[in-house]
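Beneath this line is the structure, given in C-alpha cells, with notes to follow.
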Amino acid sequence: MDRGGFGERLTQFFLPIASDRWLSILRWGLALQVCLYALSLRHDWNFLYAASGGLIDRDLTEQLLSLESMFAPRMGWLLRTGMWFGVSEKNTLDLIWIALLIASGCLGLGLFCRSAAITAWLLHLCSVKSGGLMSYGADNFTTIGLFYLMVAPLPDQYSLDHQWRKRGAKDPRLHGFFRRVLQLHLCFIYFFAGITKSLGTGWWNGESVWRALTCPPFNIIAPQTLIVFRYFFPLTSIGICLLEIGYPLFIWLKKTRLVWLAGIVGMNIGTALTMGIHLFASIMIILNLAGFGPGILRV
C-alpha cells in the first residue's frame with residue numbers, strides 16, 4: 001500500500017485549492033437571511049422576548065434552556081447587561097434588534113466582516129435559544145451558516161474590507177478546507193434526513209407529503225386543489241427520499257452535480273411555494289450554493 005500516495009490524496013481532498021467565491025455567496029446569502037429574519041420579527045420582537053406579558057415568558061424558556069446547558073447564549077444575558085447600564089428592557093430589546101439589522105448590513109457590504117459575523121451569530125443564537133419553543137429548522141441552519149462564516153477566512157475579494165481597507169486574500173488551501181467541511185456537513189445532513197424519511201411508510205405512500213401540506217400553518221394550498229394532484233404525492237415523496245439519500249454520492253460526481261444541485265434548489269423552492277417556509281428554503285439554498293455552486297458550470 002502506497003501510504004505516501006494515500007496521504008497526499010487525503011491532503012488534496014481536505015486542502016484543495018479553491019477561490020473565495022464560496023465565501024462571497026455565503027456572506028451575501030446570510031446577510032439577506034439575517035435581514036429577513038430580523039424584519040419578519042420586528043412587530044413581535046418585544047412580544048416574543050419580554051420577561052413577562054409576552055407570548056411565552058422568556059424566563060420560562062430560558063429555565064428550560066438551562067436544563068440543557070447553562071452556557072448556551074440567551075437574551076437574558078444581554079438584557080441584564082442593559083439593566084446594569086440603566087437601560088430598560090424594552091430599549092435593550094430594541095437595541096438588540098437594531099444591532100442584528102446593522103450586522104446583516106455590514107455582512108452584505110463586507111464591512112468589518114469578522115466583527116459583523118460574530119455579532120450576527122451571537123445575537124441570532126441568543127434570540128433562537130430564548131425563543132426555543134418558537135424556533136424551527138431554519139433558525140438552526142442559519143446559526144450553523146453564521147458559525148461557518150464567523151470562523152471562515154474572511155474577507156473575500158468582493159468585500160469592502162478587501163477593496164477599501166486593503167485586507168489581503170487568504171490562502172486558497174484554507175478556503176478549500178473550510179468549503180470542504182461545509183460540503184461534508186451538507187452530505188451528512190441530507191443523507192441522514194433521507195434515511196430517516198425512508199424508514200417510515202408515510203414517505204412511500206405520499207401520506208407525509210399530504211400531512212405536511214394540510215397541517216396548519218403550512219396549509220396555504222386549498223385541500224380541493226391538493227386532492228386533484230394526490231396521485232403525484234407518492235412519486236414526490238419517494239423522489240425527495242432518493243434525492244436526499246443520493247446527495248452524498250451524486251453531488252460529488254461531475255456529471256451529476258449540476259442536476260443534483262438543481263434538484264435540491266428546486267425542492268426547496270417547491271417547499272417555499274407550497275408551505276410558505278421561505279426562510280427555511282432560503283437558508284438551505286444558500287448553504288448548497290456556497291458549498292457546491294462556485295465553478296459548477298466549468299466542471
Distance, nearest 0.5 Å, that separates [atom1] of [X] from [atom2] of [Y]:
X	Y	atom1	atom2	value
S88	L95	OG	CG	8.5 Å
L125	D139	CG	CG	10.5 Å
M75	W45	CE	CH2	4.5 Å
Q157	L23	CD	CG	10.0 Å
M275	L213	CE	CG	6.0 Å

Pairs touching residues 105-121 that satisfy side chain to side chain donor-acceptor pair (under 3.5 Å), sequence neighbours left out | none
Could you note down all residue pairs passing side chain to side chain donor-acceptor pair (under 3.5 Å) where residues 225-249 supplies at least one of them, sequence neighbours left out?
-> K197-E244, Y247-N288
Does [X] reach the side chain of [Y], with side-chain heavy atoms less than 4.5 Å apart?
X	Y	answer
F232	V209	no
L109	S159	no
W22	L289	no
L279	Q33	yes
L101	L39	yes
L199	W204	no
L26	L287	yes

Greater than 12 external heavy atoms within 6.0 Å of F13's CZ = yes
Answer yes or no: are there more than 12 heavy-atom neighbours, outside F177 itself, under 6.0 Å from its atom CZ?
-> no
Between F192 and F188, how do the two ring planes meet: parallel, tilted or perpendicular, split at 30° and 60°?
-> parallel
Using 30° and 60° as the class limits, which term best fits the ring planes of Y148 and H185: parallel, tilted or perpendicular?
-> tilted
Considering non-hydrogen atoms only, spot the tightest contact between [X] and [Y] and give its length.
X	Y	value
M150	A117	CA-CB, 3.9 Å
P155	D20	O-OD2, 4.5 Å
I17	P172	CG2-CB, 3.7 Å
L30	T142	CD2-O, 4.3 Å

In the single-linkage hydrophobic clustering (I, L, V, M, F, W, Y; side-chain heavy atoms under 4.5 Å), do [X] and [Y] co-cluster?
X	Y	result
I96	L122	yes
F218	F233	yes
V128	I283	yes
L182	L32	yes
L78	L93	yes

Could you verify whether a donor N or O on one side chain and an acceptor N or O on the other, from Y37 and S127, lie under 3.5 Å apart?
-> yes
Scan side-chain atoms only and decide if Q12 and R9 contain a donor-acceptor pair under the 3.5 Å cut-off.
-> no
Not counting sequence neighbours, which residues clear side chain to side chain donor-acceptor pair (under 3.5 Å) with N219? List them please.
-> none
Has the side chain of W260 got a donor or acceptor atom that lies under 3.5 Å from a matching backbone atom of L243?
-> yes
Ring centres of F292 and W252 under 6.0 Å apart?
-> yes
Which of these, H175, H162, R27, sits in a side chain to side chain donor-acceptor pair (under 3.5 Å) with D156?
-> R27
